[in-house]
Amino acid sequence: MNFIINKINKILDKILIKKFKIKKFKFFIYNNYLNNQYGDVYINLSTLYFLNSKQQQEIGYIIGKKIINKLKKYIKYYRIINNNLNIYYNNYFYLKIIKLLFKIKFNKLLISNKNRKKKILIDYLSPNSNKPLHLGHLRNIVIGNTLANIYKSLGYKVIESQIINDRGIHICKCILSYKLFFKNKKNIKIKKGDHFVGKLYIKFEKELNKEINYLIKKYNINKNEAYVKSKLLKLVNIELIKWENNNIKILSIWKKLNNLVYKGFKKTYNKLNIKFNEILYESKTYLLGKNKILENLNNIFFLNTYDKSIYYLYKNKKIIVLRKNGTSLYITQEIGTLLYRIKKHKKLFNIIYVVGNEQSDHFNIFFEIINKLKICNIKLYHYSYNTVNYLGKKIKSRRKINNIILIDELIKYLNKIIKKKFFNKKINKKKILNLSISAIKYEFLKINPKKIINFNINNILNLKGNTGIYIQYTYVRILSIVNKLNNYKLKLNNIKIILENNEKTLIKQLIDNKNIIKKTIKTNDTSILINYIYNISKIINNFYNFNKILKIKNLKIMEIRLIISKIILKFLYFNMKIINIPILKKI
RNA sequence: GGUCACGUAGCUCAGUAGGAUAGAGCAACUGCCUUCUAAGCAGUUGGUCACAGGUUCGAAUCCUGUCGUGAUCACCA
């Protein structure tokens, strides 16, 4: 949108090639948002390192003059300070941009026809069906969902996909726990299904622990030996075998418990305002992929002659892809699921796996295999993010259930805090929830996915400063002004107002929206977008405080500020939708 | 031990493609609510960018090494 930078670039190219015969050189034009002394954009002349500083300055002056000549309309003047060529926009430039921004629809800003027909599948959640969603999942959800929203805003068709791990020993533990410890209590109240099943799991683990300790004392043996002797473990394995043999009784409990969990999950998704348009279940996909491997035996995959398992050779390591008993593994399933998706969604352009960085090896192997199998031309990408630590330790979702904070619990804590803060004002439950959700999402998005999050409940409970609530608050404040002037008819022609510095800074930054979003995708870093929104919000609040609108007598100034306010609303609305932070009309 | 991340203010984090005096929030301290919504605004204090070398006109940023933290290295998913 910043047409000036394009024009400056063209001028730079011409001068360098024609006057100085420097062909393979490109200046980088920097934006300056902070320092009012320096130009709105600047070029660092030192990048012409092959010339001495006198020559650099000479070139600087020539470029400066040329730019002034060509772009008189938009540029006030240029200065060379500390070997930087600073270029200053004039008032007309800002007014022109304001007019542009006022007309433009932000949600159509990024859409290009190139992307319109392209389908992208984003696989961003794979919960186990034996426990509620927790902080570890939250990072996954928030990043995946934001990514999906960005691609949608670019015009792609996006499939948001999750695959639920609904089979295996973990769920059998819940089934057994239900049979042994809960079934006879007819008056069980189930508020939220996933929490109930989670309790079943904890109960089992507790009982197992008791038994193991008992065995260790009684027989004076070590832990591993006790595991072998454990009756509970034996029983669980029997359940698992029954499940694999399609035992009707087991299957019916299994279905019952899973459905409870899915209902619970759905409630949590609703709170977070996310929707998946593809839900896969491992019980249905775990047999896929086996045939593909057998088809390519001796060609890509090889047989272990001594035990008849099948492996793939990755960096001289044998990676087993089919067990000796012929059953599938994680990687086998991954291949199968891909085959399934290719069939189901025709013309997929791209699949993005938003999965923790601990699985980067898995994906490297997976992608290499897919490459060799020549299954498809779809671009596959592992969007990896780092772990969430709690109390100094990584949250391990697979085995342990204690030492984690559930998403629902976190929301509850926050709701309480927010309710207290609003002691005197009327505020309904839904608004409290929306505030909590925004605080939570924002907290996870604002940190670069590459970095470990050391989760501290106090950070998120402190609702000051750089938080999701701040962004919402900014929106609400501006909205209240605009609402009060709802009937005012604006005339866009012949605005001739000299803008304030904060207004200029604001406009300069607003122009960057498109680039920032593109960069967010390019670098796989949601914190870029968040920081951008936050920085602009700070300027907006400064604007709110100093550039009064309702109280100003000069109608023309009031009008231009109203226009800027409307642009701000459009901007925030658009970007809040992308990071999926709820918009509060009024607190 | 191999591989891959990360180390910036007391704490949590930004830092454009290597480029001007390294920026925010929290915490601490000053001001501002009869004010378009104070969950806000304006300001003060706070830095050997882990350490050591190298590349470069120029390094928080690139390279090498050391130290520290974490992840991973299953016929688990």
Side-chain angles (χ1 to χ4, degrees), chain A residues 26 28 30-32 34-35 37-38 42-53 56 81-84 86 126 128 163 165 167-170 282 286 304 307 309-311 315 317-325 327-331 333-334 356-362 364 384 386-387 389 393-394 397-399 418 421-422 425 435 439 443 446-448 450-454 456 458-459 462-467 469-470 472-474 476-485 515 519 523 527-528 530-531 534-535 538 541-542 544-552 561 565 586-587:
Chain A
K26 192 106 190 168
F28 188 81
Y30 296 88
N31 286 307
N32 167 31
L34 296 173
N35 195 326
Q37 267 181 6
Y38 299 141
Y42 63 93
I43 297 161
N44 191 306
L45 296 169
S46 309
T47 38
L48 297 163
Y49 62 94
F50 42 82
L51 304 175
N52 65 38
S53 61
Q56 288 172 8
I81 310 167
N82 299 340
N83 221 25
N84 284 289
N86 290 273
S126 41
N128 289 0
I163 176 157
N165 178 10
R167 74 183 186 97
I169 198 87
H170 63 270
E282 235 178 79
Y286 83 108
N304 254 334
D307 69 356
S309 62
I310 295 176
Y311 66 89
K315 291 182 181 171
K317 267 187 193 170
K318 285 182 180 179
I319 309 291
I320 305 289
V321 292
L322 221 53
R323 289 195 188 92
K324 56 191 168 192
N325 64 10
T327 52
S328 309
L329 281 106
Y330 183 30
I331 189 99
Q333 256 183 71
E334 199 81 78
N357 65 354
E358 73 273 8
Q359 291 192 36
S360 53
D361 272 357
H362 164 76
N364 283 337
S384 88
N386 215 323
T387 48
N389 287 354
K393 278 184 179 176
K394 187 195 168 183
S397 58
R398 221 161 287 285
R399 294 188 185 100
I418 288 168
K421 287 209 174 185
F422 275 106
K425 297 178 193 172
L435 287 166
E443 201 65 19
K446 80 176 177 189
I447 294 173
N448 187 330
K450 263 200 260 176
K451 293 201 173 176
I452 295 169
I453 293 181
N454 283 309
N456 184 342
N458 293 326
N459 287 350
N462 186 351
L463 300 169
K464 289 179 181 173
N466 189 358
T467 63
I469 291 182
Y470 179 79
Q472 286 176 315
Y473 193 68
T474 310
V476 169
R477 295 177 112 179
I478 301 296
L479 184 68
S480 81
I481 300 169
V482 172
N483 276 343
K484 281 176 187 165
L485 291 169
N515 287 336
K519 198 181 161 194
T523 55
S527 71
I528 290 175
I530 294 289
N531 276 306
Y534 174 63
N535 281 329
K538 273 198 293 190
N541 276 315
N542 178 287
Y544 175 87
N545 257 271
F546 291 108
N547 309 20
K548 298 293 177 192
I549 296 177
L550 296 177
K551 287 175 184 174
I552 198 145
R561 288 180 183 172
S565 299
K586 265 192 175 180
I587 292 177

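A, B, ... follow the sequence lines: proteins, then strands. Residue 1 opens every chain.
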> Closest approach to the side chain of A:Asn84, judged atom by atom: which nucleotide of B:A5, B:A77, B:A20 is it?
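Side chain of A:Asn84 sits closest to B:A20.
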
> Base, sugar-phosphate, or nothing for A:Ile447, non-hydrogen atoms under 4.0 angstrom?
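It contacts sugar-phosphate atoms only.
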
> Could you work out the separation of B:U8 and B:A22 based on their C1' atoms and round it to a whole Å?
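It comes out at 8 Å once rounded to the nearest Å.
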
> Quick one: pull up OH in A:Tyr311 and CD1 in A:Ile320 and give me the separation to the nearest 0.5 Å.
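A:Tyr311 atom OH to A:Ile320 atom CD1 measures 9.0 Å (nearest 0.5 Å).
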
> Any base atoms under 4.0 Å from A:Lys548, or only sugar-phosphate, or nothing? Heavy atoms, all strands.
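Base contact - A:Lys548 has a heavy atom under 4.0 Å of at least one base atom.
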
> Rounded to whole Å, how long is the line connecting atom NZ of A:Lys317 with atom P of B:C73?
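Answer to the nearest Å: 9 Å.
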
> What stems involve RNA chain B, if each pair must be Watson-Crick or G-U and both of its distances must be under 3.5 Å, with 3 or more such pairs in a row?
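In RNA chain B, stems of three or more pairs: B:1-7 with B:67-73, B:10-13 with B:23-26, B:28-32 with B:40-44, B:50-54 with B:62-66.
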
> Would you kindly give the CD-to-P distance between A:Glu358 and B:C6, to the nearest whole Å?
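One finds 16 Å between P of B:C6 and CD of A:Glu358, rounded.
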
> Would you kindly give the NZ-to-P distance between A:Lys538 and B:G23, to the nearest whole Å?
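Rounding to the nearest Å, NZ of A:Lys538 and P of B:G23 are 12 Å apart.
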
> Would a distance-only check, ignoring hydrogens and angles, find a side-chain to backbone donor-acceptor pair under 3.5 Å from A:Asn84 to A:Asn86?
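Checking the backbone N and O of A:Asn86 against the side chain of A:Asn84, no donor-acceptor pair under 3.5 Å is found.
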
> If we ignore hydrogens and angles and just use 3.5 Å, is the side chain of A:Asn483 paired with the main-chain N or O of A:Leu485 as donor and acceptor?
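Here the side-chain-to-backbone pair does not exist.
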
> Picking from B:A38, B:G7, B:U16, which would you name as closest to the side chain of A:Lys519?
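Of the candidates, B:U16 comes closest.
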
> Output yes when a side-chain donor or acceptor of A:Glu282 lies under 3.5 Å from a complementary backbone atom of A:Ile163, and no otherwise.
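No.
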
> Have a look at A:Asn86 and say if it touches a base, only the backbone sugar-phosphate, or nothing, with a 4.0 Å heavy-atom cut-off.
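Base contact.
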
> So which nucleotide from B:G19, B:G70, B:A42 ends up closest to the side chain of A:Asn542?
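For the A:Asn542 side chain, the nearest candidate turns out to be B:A42.
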
> Write down the protein N/O and nucleotide N/O pairs, taken from nucleotides 29-34 of chain B, whose separation is under 3.5 Å; answer none if there are no such pairs.
none

> Would you measure the distance from the C1' atom in B:U61 across to the matching atom in B:C29 and give it in whole Å?
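Taking atom C1' in both B:U61 and B:C29, they lie 34 Å apart.
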
> Answer whether the closest heavy-atom distance between the side chains of A:Ile469 and A:Ile418 falls below 4.5 Å.
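Counting from C-beta outward, A:Ile469 and A:Ile418 do come under 4.5 Å.
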
> Look at all strands and tell whether A:Glu334 reaches a base, only sugar-phosphate, or nothing, counting heavy atoms closer than 4.0 Å.
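If one applies the 4.0 Å heavy-atom cut-off, A:Glu334 turns out to touch nothing in the nucleic acid.
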
> With a 4.0 Å cut-off on heavy atoms, is A:Ile81 in touch with a base, just the backbone sugar-phosphate, or nothing at all?
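Result for A:Ile81 = base.
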
> Is the aromatic ring of A:Tyr30 within stacking range of B:G19, meaning centres under 5.5 angstrom and planes under 30 degrees?
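Taking the rule of under 5.5 Å and under 30°, the ring of A:Tyr30 does not stack on B:G19.
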
> Base, sugar-phosphate or nothing for A:Asn466? Non-hydrogen atoms, less than 4.0 Å.
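Touches sugar-phosphate only.
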
> Measure the distance from CZ on A:Phe546 to P on B:U35 and round it to the nearest whole Å.
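From A:Phe546 CZ to B:U35 P: 18 Å.
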
> With rounding to the closest Å, how many angstrom separate the C1' atoms on B:A27 and B:C63?
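Nearest-Å result for B:A27 against B:C63 at atom C1': 39 Å.
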
> Using the P atom as the point on both nucleotides, what is the distance between B:C73 and B:G54, in whole Å?
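Taking atom P in both B:G54 and B:C73, they lie 39 Å apart.
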
> Taking CG from A:Asn462 and P from B:G10, how many angstroms apart are they, rounded to a whole number?
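Whole-Å distance recorded here is 19 Å.
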
> Among B:A71, B:A20, B:U35, which nucleotide sits nearest the side chain of A:Asn357?
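Out of B:A71, B:A20, B:U35, the nucleotide with an atom closest to A:Asn357's side chain is B:A71.
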
> So what does A:Asn448 hit on the nucleic acid, given a heavy-atom distance under 4.0 Å: a base, only sugar-phosphate, or nothing?
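Since only primed, P, OP1 and OP2 atoms lie under 4.0 Å of A:Asn448, the category is sugar-phosphate.
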
> Hey, does A:Ser360 reach any base, or is it just sugar-phosphate, or nothing, if we go heavy atoms under 4.0 Å?
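Since no nucleic acid heavy atom lies under 4.0 Å of A:Ser360, the category is nothing.
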
> From B:C76, B:U37, B:A42, pick the nucleotide closest to the side chain of A:Arg477?
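Comparing B:C76, B:U37, B:A42 against the side chain of A:Arg477, the answer is B:U37.
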
> For the pair A:His362 (side chain) and A:Tyr330 (backbone), establish whether a donor and an acceptor sit closer than 3.5 Å, ignoring hydrogens and angles.
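Not a single qualifying donor-acceptor pair exists.
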
> Tell me, yes or no, whether the heavy-atom count around A:Lys464 atom NZ, taken from other residues, nucleotides or ligands under 6.0 Å, exceeds 12.
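No, not enclosed.
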
> Using a 4.0 Å heavy-atom cut-off, does A:Asn547 contact any base of the nucleic acid, only the sugar-phosphate backbone, or nothing at all?
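The answer is base, as A:Asn547 lies within the cut-off (heavy atoms under 4.0 Å) of a base atom.
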
> Pick base, sugar-phosphate or nothing for A:Thr47, based on heavy-atom distances below 4.0 Å to the nucleic acid.
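It contacts base atoms.
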
> From the set B:G40, B:A14, B:U16, return the single nucleotide nearest to any side-chain atom of A:Asn545.
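So the side chain of A:Asn545 is nearest to B:G40.
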
> How far does CG of A:Asn545 sit from CZ of A:Arg477, to the nearest 0.5 angstrom?
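Reported to 0.5 Å precision, the distance equals 5.5 Å.
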
> Hey, does the side chain of A:Arg323 reach the backbone of A:Leu329 with a donor-acceptor pair shorter than 3.5 angstrom?
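Such a contact is absent between A:Arg323 side chain and A:Leu329 backbone.
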
> Pick base, sugar-phosphate or nothing for A:Tyr470, based on heavy-atom distances below 4.0 Å to the nucleic acid.
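Contact class for A:Tyr470: sugar-phosphate only.
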
> If you round to the nearest 0.5 Å, how far is CG of A:Asn462 from CG of A:Asn456?
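Rounded to the nearest 0.5 Å, the CG-CG separation comes out at 10.5 Å.
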
> With sequence neighbours excluded, tell me which residues meet ring pair (Phe, Tyr, Trp, His ring centres under 6.0 Å) with A:Phe28.
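If we apply the ring pair (Phe, Tyr, Trp, His ring centres under 6.0 Å) test to A:Phe28, skipping adjacent residues, the hits are A:Tyr30.
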
> CG of A:Asn541 versus P of B:A24: gap in Å, rounded?
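After rounding, the gap between these two atoms is 16 Å.
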
> Mapping A:Lys446 and A:Lys551 onto RNA chain B by nearest heavy atom, which one lands closer to the 5' end?
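Whichever sits nearer the 5' end wins; that is A:Lys446.
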
> Side chains of A:Asn541 and A:Thr474: is there a donor and an acceptor less than 3.5 Å apart?
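Present: a donor and an acceptor within the cut-off.
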
> Starting at atom OH of A:Tyr534, determine the distance to atom P of B:G25, rounded to an integer number of angstrom.
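Going from OH in A:Tyr534 over to P in B:G25 covers 5 Å.
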
> What's the closest nucleotide to the side chain of A:Lys484 if the choices are B:G70, B:A77, B:U37?
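So the nucleotide nearest the side chain must be B:U37.
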
> Between B:U8, B:G40, B:U72, which one does the side chain of A:Lys451 approach most closely?
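Nearest nucleotide to the side chain: B:U8.
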
> Using atom P of each nucleotide, how far apart are B:A17 and B:C6 to the nearest Å?
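Rounded to whole Å, the distance is 15 Å.
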
> Remember a base hit wins even if backbone is also touched, and classify A:Lys450 as base, sugar-phosphate or nothing at under 4.0 Å, heavy atoms.
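Sugar-phosphate, backbone atoms only, no base.
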
> Measuring only the C1' atom in each nucleotide, how far is B:G23 from B:A9? A whole number of Å is fine.
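Those two atoms are separated by 11 Å.
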
> Taking the nucleotide of RNA chain B with the nearest heavy atom to each, does A:Leu322 or A:Ile528 sit closer to the 5' end?
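Residue closer to the 5' terminus by nearest nucleotide: A:Ile528.
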
> Quickly work out the A:Asn32 CG to B:G15 P distance and round it to whole Å.
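Taking atom P of B:G15 as the reference, CG of A:Asn32 is at 18 Å.
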
> Under a 3.5 Å distance rule, please check whether A:Lys318 uses its side chain to pair with a backbone N or O of A:Asn304 as donor and acceptor.
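Not confirmed, A:Lys318 side chain does not pair with A:Asn304 backbone.
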
